[in-house]
Protein chains: 2
Amino acid sequence: MRLNQTAEYALRVMAYLATQDNQEPIKSKELAKTTGIPLFYLSKIMRRLVVAGLVQSQKGHGGGFTLAKPRSEIHFIDIIQSVSSEFSTKRCVFGYARCGDENPCPLHPTWKILRNQILSWANKFTLEDVAKGEPIELPDDVV
Amino acid sequence: MRLNQTAEYALRVMAYLATQDNQEPIKSKELAKTTGIPLFYLSKIMRRLVVAGLVQSQKGHGGGFTLAKPRSEIHFIDIIQSVSSEFSTKRCVFGYARCGDENPCPLHPTWKILRNQILSWANKFTLEDVAKGEPIELPDDVV
DNA sequence: AGTATATTGGACAAAATTGTCCATTAACTC
DNA sequence: GAGTTAATGGACAATTTTGTCCAATATACT
C-alpha cells in the first residue's frame, strides 16, 4: 500500500480532464499550466495513461489529450495503478512471505482493514464523481 | 496523504515490540533480524520513535528498546506520524491553495472520504490491536 | 578502572522518485 | 512540400528516500 506524488498527479490531471467537456483535445501545455504539474513530468504520466487505455492522444496541430472512455468507466483504481505499481501491492507490511487469513502476521487484521478501505474506495469512484464546474482557484505553485 | 516504506517499517517494528511481553529491552540487532529491516536504517527509525515518546531506549549492556507506554495508548497514527510527516498532509490533491468544503476542488469530495477513512483507521487502532503470539513465519528477505 | 555492550550521530552511498532538456516523430495547415 | 504544432522517447539532473559505515557516547558488569 503506497501512495505517492505521481499517483496524486495522475488523479489530478484526470480529474481536470473530466471537468472539461469540450470535444477538442487538451494540450499537455494547458494541462501543465492549469494543474501545476511540471510539463515534461506530466508528459510521462500522460503517456502511461494513454498506454493504459484511459486517455487518447492526438499528435500535431490541434492535438492533445481526451478521455478514452466515458467518465463513468474510468475508476480511480485504473488511474492510480497505471502510474504506480506499488499502490495495491500485496506484500505483507510485516514482512511475511505468505501472510493471509490462515497465516496472519501480527498486523494482518488491522492492515487488511486499511487495505480494503483504500482499495474499495479506489474501485468505487470514477471520474463521474469528480465535481464539475470551473476551477475556483488556481494552484499556489503556478506562476 | 502519503504512505511509504519507512512508515511501514515503523509499524512493523512497533508491532513486533508489542508482541514481546518480556520486560527486558530488545536490542536493535534482534529487532532488525526478526523484522527484516536493515539494521542501521532501523536505528534511525527507532530514534524517531524514541524522540516521539513512543519508545524508551537504554544504552549499554542489557540495553535496547521498550515501549514507553501501555500498548493501548500507542495509536498507529502516532507511529506513522513520528516517521513520516507527509502522511497526513493537508495539501490538496488537486493543488488548490485553500481547498475545503466551501472552496472544493473537483477531487475534494472523493478525496476527503479517502483521507477520513485512512486517518480514522490510524486513529482508531493501537498496539493493543496487533495479534499476539510468536511469529509463524520468517520474512523472506531475512538470511 | 577497564572492558564489553548497545544506542546515537554524522557522513556517506545507493536507489528510487521526481523533474528537465532536447531531438524525433506524427499530424495538421496552407 | 514547407512550415507549424504537439506528443513521444531518450538521456540526463536534482531531490528524496532508503540503506550503510564508523566513530562517539553512555551504560553495565567484573
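Lettering follows sequence order; numbering is per chain, from 1. Values reported hereafter were calculated over all heavy atoms of this structure, with side chains retained and with hydrogens, waters and symmetry mates removed.
Heavy-atom nearest nucleotides on DNA chain D were determined for B:Tyr9 and for A:Met46, and the one closer to the 5' end corresponds to A:Met46.
Residues passing the salt bridge (Lys or Arg N to Asp or Glu O under 4.0 Å) test with A:Glu24, sequence neighbours excluded: none. For B:Phe76, the ring-ring contact (aromatic ring centres under 6.0 Å, His included) criterion is met by B:Trp121, not counting sequence neighbours. Scored by the salt bridge (Lys or Arg N to Asp or Glu O under 4.0 Å) test, B:Lys112 finds B:Asp101 as partners (sequence neighbours excluded). B:Glu30 is linked by a side chain to side chain donor-acceptor pair (under 3.5 Å) to B:Tyr16, counting only residues two or more places apart in sequence or in another chain. The side chain to side chain donor-acceptor pair (under 3.5 Å) search around A:Glu73 returns none, not counting sequence neighbours. Legend: residues meeting salt bridge (Lys or Arg N to Asp or Glu O under 4.0 Å) with B:Arg2, ordered by chain and number and at least two apart, are A:Glu8.
Applying the salt bridge (charged side-chain N to carboxylate O under 4.0 Å, His left out) test to residues at least two apart or on different chains, none of the pairs has a partner in residues 56-68 of chain B.
Direction change of the helix axis from one end of the helix from C:dA1-D:dT30 to C:dC30-D:dG1 to the other is 10°, with five pairs defining each end axis (rounded to 10°).
Within 4.0 Å (heavy atoms only), B:Lys29 reaches no atom of the nucleic acid at all.
Per the geometry, CG belonging to A:Leu49 stands 14 Å off C1' belonging to D:dA7, to the nearest Å. In this entry the distance linking CZ of A:Phe40 with C1' of D:dA14 reads 17 Å, nearest Å. The separation between B:Leu39 atom CG and D:dT18 atom C1' is 14 Å, rounded to whole Å. Separating the CD atom of A:Glu30 from the C1' atom of D:dT5 is a distance of 15 Å, rounded to the nearest angstrom.
Among the nucleotides D:dG9, D:dA7, D:dC22, the one closest to the side chain of A:Lys27 is D:dA7.
A heavy atom lying under 4.0 Å from DNA chain D marks the following residues of residues 56-68 of chain B, by number: B:Gln58, B:Lys59, B:Gly60, B:His61.
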Sequence neighbours excluded and cut-off under 3.5 Å, please list the side-chain donor-acceptor pairs for residues 41-55 of chain B, or say none.
from: B:Tyr41; atom 1: OH; to: B:Thr6; atom 2: OG1; distance (Å): 2.6
from: B:Ser43; atom 1: OG; to: B:Leu39; atom 2: O; distance (Å): 3.1

N/O donor-acceptor pairs under 3.5 Å from side chains in residues 80-93 of chain B, not counting sequence neighbours:
from: B:Gln81; atom 1: NE2; to: B:Ser88; atom 2: OG; distance (Å): 2.7
from: B:Ser82; atom 1: OG; to: B:Asp78; atom 2: O; distance (Å): 3.3
from: B:Ser82; atom 1: OG; to: B:Ile79; atom 2: O; distance (Å): 2.8
from: B:Glu86; atom 1: OE1; to: B:Arg91; atom 2: NH2; distance (Å): 2.3
from: B:Thr89; atom 1: OG1; to: B:Arg91; atom 2: N; distance (Å): 3.3

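When every heavy atom of B:Ile118 is checked against every heavy atom of B:Met1, the shortest pair comes out as CG2-CE, 3.7 Å. Contact record, B:Ala122 with B:His75: O-CB, 4.0 Å, taken as the closest heavy-atom pair.
Contact annotation: A:Ser28 side-chain N/O to D:dA7 OP1/OP2 distance is under 4.0 Å.
Contacts between chain A and DNA chain C, taken as any atom within less than 4.0 angstrom of a protein heavy atom, begin and end at C:dT18 to C:dT29.
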